[in-house]
Amino acid sequence: MRRRPCALFCLFLIVLLAVLLLLGISPELSPAGDEELRVLLQTPRELTFTGKVRECSVRERSCILILDRVSLFCDGRNLPVSSLRVLTGKENRFPSGYLLQIKGYPENILPPENPGQFDAALYDRLHGIRFQMLYPSSVSVLRRTVNPVREAMSLLKTRLKERIRSCYPEDVSGLLCALLLGDKTELDDNTRSLWQTGGLMHMLTISGLHLTILGMGIYRFFRKMHLFAGPAGLLSSALMILYTCFTGAAVSTLRALLMFLMVIAAEQFGRSYDTITALSIAAVLLLLDHPEYLCYAGFQFSFGAVFSLLLLHKRSRLMQSIGLSLCVLPILLWHYYELPLFSVPVNLLFVPFLPVLLGFGILGTAAGPAVPLLTKPAVWLIRSAAFLLTEIRKLPVCSLIPGKPSVPQCILYYCLLALFLFAGNRLRLYKKRFLLLPCIPLLVLLLTFHPRNSLRLLFQSVGQGDSILAELPDGSSLLIDGGSSSISSVAQYRLLPCIKSEGISVLDYLFVTHLDADHVNGITELLQKIETRQTAVRVRALVLPYLRDRTDPALQALTVQAERCGIRILTVSKGDSLTIGDVRLEVLNPDPAKETVPADSNAQCIVLALRYREFDALLTGDVCGQGEAQLLASLEKKHRTFECLKVAHHGSRYSTPAELLSVIRPQVSIISCGRDNTYGHPHDTLLKRLADAGTAVLRTDRDGALTIETDGYLYRVTRFLDKTFFRMNCRS
């Protein structure tokens with residue numbers, strides 16, 4: 001490093017930016033009006049904005065606008081604010097550069113509310129977007145000035161997508177749109193999960209590898225055409241800058257672009273090119289623009305991968321691939337929690353064909369349907385990869401779910417990995433390197449080791465719905481409900497990321513308390529993904545409430561779906577119990593003798609009493625009416641109290657009566673409900689009853705996911721959004 005003072009200085013700046021970020025100090029300046037707008041958003045009100053169109057994406061029955069140079073008109077003043085994303089309910093397209101006036105109710109872009117959830121707020125901040133507006137009351141054009149470059153790129157991308165769709169079959173065109181244009185809107189969930197299975201999803205993004213292949217290919221082409229180095233460098237650099245902007249300027253592409261420009265500059269000025277110095281300069285330039293890139297998966301993967309390849313550049317392709325996988329493994333598990341077992345051989349097989357795929361993809365699109373022969377290689381390569389990945393997905397185990405490692409685990413892993421590399425390079429083990437290979441599984445096991453010796457209840461934030469993940473001391477896992485009426489694809493975006501981040505690959509029991517959509521639609525989605533092998537998560541048993549009337553269509557459909565997945569089906573009613581180690585689950589409802597015709601799904605909802613040593617929790621689902629009256633009578637006889645109460649029916653006005661609270665005397669009450677839901681949950685009357693009962697009230701709409709962890713004698717309650725917690729003693 002002493003011979004690279006520039007790289008050393010860049011490293012110092014990176015460490016300084018990381019420290020400032022940890023301290024909550026960001027060198028990035030936000031517009032003056034952002035703080036004032038956040039104050040205004042505390043009370044919903046209609047506001048007026050003006051801004052220039054940066055992007056306009058027309059979708060079915062909607063349009064998404066990204067506005068730059070946004071001004072907020074408030075109290076006779078124009079305040080500059082950050083970029084604004086607007087979702088309209090019409091398919092009107094506004095060209096880039098148009099100046100619009102928009103009236104509506106803006107919102108903050110919310111941070112993740114659940115463990116494992118994708119941080120959309122960070123992603124938007126990296127693109128300068130900090131506020132959004134859904135369905136504005138009015139959108140009007142103030143000035144019809146078009147940004148010719150952006151508009152030309154937008155129209156060109158649209159026409160190229162149409163061209164690709166006309167040249168290639170449907171199963172190939174969407175992948176080529178992602179590969180060549182950086183547009184993944186054509187990819188369905190099944191295709192994404194299929195390519196993730198083999199760790200090939202990076203091939204479907206405009207990565208640094210793409211730009212390096214294209215940039216150096218164009219530069220060498222110009223040189224072979226006997227163009228001088230100066231004009232060839234300028235032309236190839238200009239084309240790569242345009243291509244980077246055209247494909248969305250992903251962080252990996254920006255990194256490759258900056259390094260490519262430094263390669264060209266070094267050749268023009270007759271200077272030597274040092275890859276480590278170029279990598280360091282590219283990192284600092286990106287971080288000075290957006291310091292939060294340090295927390296972004298794309299930044300970590302891109303720079304981590306290039307740095308690892310630099311360390312292993314003298315090794316064989318197999319050793320480079322293994323070393324690369326080991327270097328980025330903590331990053332992969334930190335962000336995605338899952339390890340594709342066949343990623344190394346699959347990448348070794350297909351990555352060398354990426355230049356061929358890129359070349360024939362471009363040639364086939366340019367030639368069009370008139371020359372179908374040029375489209376065949378790309379079709380054959382993509383279908384071959386899809387066939388192999390489909391066969392891999394049929395294997396009993398194609399990926400592992402170790403979960404998210406802790407920070408100390410990652411630090412220790414990298415220290416041991418550095419020691420491993422040092423031993424291989426410095427201790428004269430060049431011919432005996434195989435002696436170090438047994439250390440690799442131990443390194444991997446270090447990241448996957450998650451000892452569990454306590455009970456953990458995780459009340460997930462799923463909007464207007466219910467889902468509770470229970471992790472038991474013996475390693476068993478239960479999921480109680482999983483649905484939402486306010487979040488679409490709740491299994492994909494909330495349930496599965498949370499389950500995988502906890503390192504759970506098998507759910508021993510999946511409880512469906514009743515069949516309302518806000519409790520079961522995520523379960524249906526999860527079973528669909530299991531059936532089509534889109535997830536490595538498995539379920540052993542599905543637990544349903546016992547009902548004499550089994551003709552409910554939703555019940556029958558769920559039963560058939562579970563049977564297709566090979567899941568055992570159990571039915572439970574009052575008096576049943578389940579003991580797993582030191583944890584006992586007792587079913588307090590439904591009571592088949594009290595079932596009405598037709599059955600009241602809420603009254604016949606499963607109610608569970610969970611006991612672990614001296615800790616008790618009452619999980620009530622949506623029980624109400626007659627079911628709640630029966631529950632109250634049963635608990636009065638037993639004189640049983642509970643440390644934790646999951647408040648019934650999302651905090652409905654008529655649920656959880658004062659009589660029940662006086663009997664069970666909960667120390668902590670948790671309400672699962674959606675932010676600003678249309679039902680008015682939790683109702684003020686219910687909140688007053690809870691306050692009068694002296695119980696601490698926590699809500700998923702305000703606190704995000706809520707976690708209770710206990711050893712059976714003392715328990716800790718943690719709010720996910722602000723990371724605050726408190727401890728309480730269990731009552732004996």
[atom2] on [Y] to [atom1] on [X], rounded to 0.5 Å:
X	Y	atom1	atom2	value
Ile480	Leu457	CD1	CG	7.5 Å
Arg640	Ile664	CZ	CD1	10.5 Å
Thr620	Ile606	OG1	CD1	12.5 Å
Tyr123	Ile109	OH	CD1	12.0 Å
Ile671	Leu706	CD1	CG	10.5 Å
Leu578	Asp508	CG	CG	9.5 Å

Quick one: salt bridge (charged side-chain N to carboxylate O under 4.0 Å, His left out) partners of [X], sequence neighbours excluded?
X	result
Asp119	none
Arg533	none
Glu107	none
Asp34	none

Could you list all the side-chain hydrogen bond (donor to acceptor under 3.5 Å, both in side chains) pairs where at least one residue sits in residues 558-569, not counting sequence neighbours? Glu531-Arg564
Distance-only, no hydrogens or angles: does the [X] side chain make a donor-acceptor pair with backbone N or O of [Y] under 3.5 Å?
X	Y	result
Asn589	Cys605	yes
Gln534	Lys529	no
Asp516	Ser601	no
Thr524	Val520	yes
Asn114	Ser461	yes
Lys500	Pro497	no
Ser634	Leu631	no
Asp576	Ser573	yes

Take a 6.0 Å sphere around [atom1] of [X] and say whether it holds more than 12 heavy atoms from other residues, nucleotides or ligands.
X	atom1	result
Asp474	CG	yes
Arg61	CZ	no
Phe726	CZ	yes
Arg702	CZ	no

Beyond-backbone contact of [X] with [Y], side-chain heavy atoms, under 4.5 angstrom:
X	Y	answer
Ser484	Arg494	no
Leu510	Ile567	no
Val647	Pro682	no
Glu525	Gln528	no
Thr707	Val717	no
Val583	Ser476	no
Leu661	Pro666	yes
Arg665	Arg731	yes

Return the set of residues passing side chain to side chain contact (heavy atoms under 4.5 Å, CB included) with [X] (not counting sequence neighbours), or none when no residue passes.
X	result
Asp684	Leu687
Leu446	Leu412, Tyr413, Leu416
Arg452	Glu471, Ser477, Ile504
Asn729	Leu714

side-chain contact (heavy atoms from CB on, under 4.5 Å) assessment of Gln409 paired with Trp334: CA-CA 11 Å; Gln409 278 179 303; Trp334 181 273; over 6 Å; no
Check the side chains of [Y] and [X] for a donor-acceptor pair under 3.5 angstrom, ignoring hydrogens and angles.
X	Y	answer
Thr191	Asp188	yes
Ser454	Glu709	yes
Ser467	Gln460	yes
Ser486	Arg675	no

Can you tell me which residue pairs pass the salt bridge (charged side-chain N to carboxylate O under 4.0 Å, His left out) test with a partner in residues 626-638, sequence neighbours excluded? Glu586-Lys638
Please list all pairs meeting salt bridge (charged side-chain N to carboxylate O under 4.0 Å, His left out) that have one or both residues in residues 644-655, counting only residues at least two apart or in different chains.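 Salt bridge (charged side-chain N to carboxylate O under 4.0 Å, His left out) check on residues 644-655 returns Asp466-Lys646.
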What verdict does the side-chain contact (heavy atoms from CB on, under 4.5 Å) test give for Tyr654 and Thr685, after you've listed the backbone C-alpha separation in whole Å, the side-chain angles of each residue and the deciding distance to 0.1 Å? CA-CA 9 Å; Tyr654 301 105; Thr685 305; over 6 Å; no
Would you list the pairs meeting ring pair (Phe, Tyr, Trp, His ring centres under 6.0 Å) in which at least one residue belongs to residues 587-631, sequence neighbours left out? Phe615-Tyr715
Asp582 vs Arg613, side-chain contact (heavy atoms from CB on, under 4.5 Å): CA-CA, chis, key distance, verdict: CA-CA 7 Å; Asp582 292 336; Arg613 296 174 181 167; 3.7 Å; yes
Measure across [X] and [Y] and return the closest heavy-atom pair with its distance rounded to 0.1 Å.
X	Y	answer
Asp622	His514	OD2-NE2, 3.2 Å
Pro330	Leu447	CG-CD1, 3.8 Å
Pro112	Leu721	O-CD2, 3.3 Å
Asn677	Cys673	ND2-CB, 4.2 Å
Leu47	Pro106	CD1-CG, 3.7 Å

Which word best sums up how the rings of His650 and His681 line up, parallel for under 30°, tilted for 30 to 60°, or perpendicular for over 60°? parallel
Please test Cys565 against Val539 for side-chain contact (heavy atoms from CB on, under 4.5 Å), starting from the C-alpha separation and ending with a verdict. CA-CA 9 Å; Cys565 296; Val539 175; over 6 Å; no
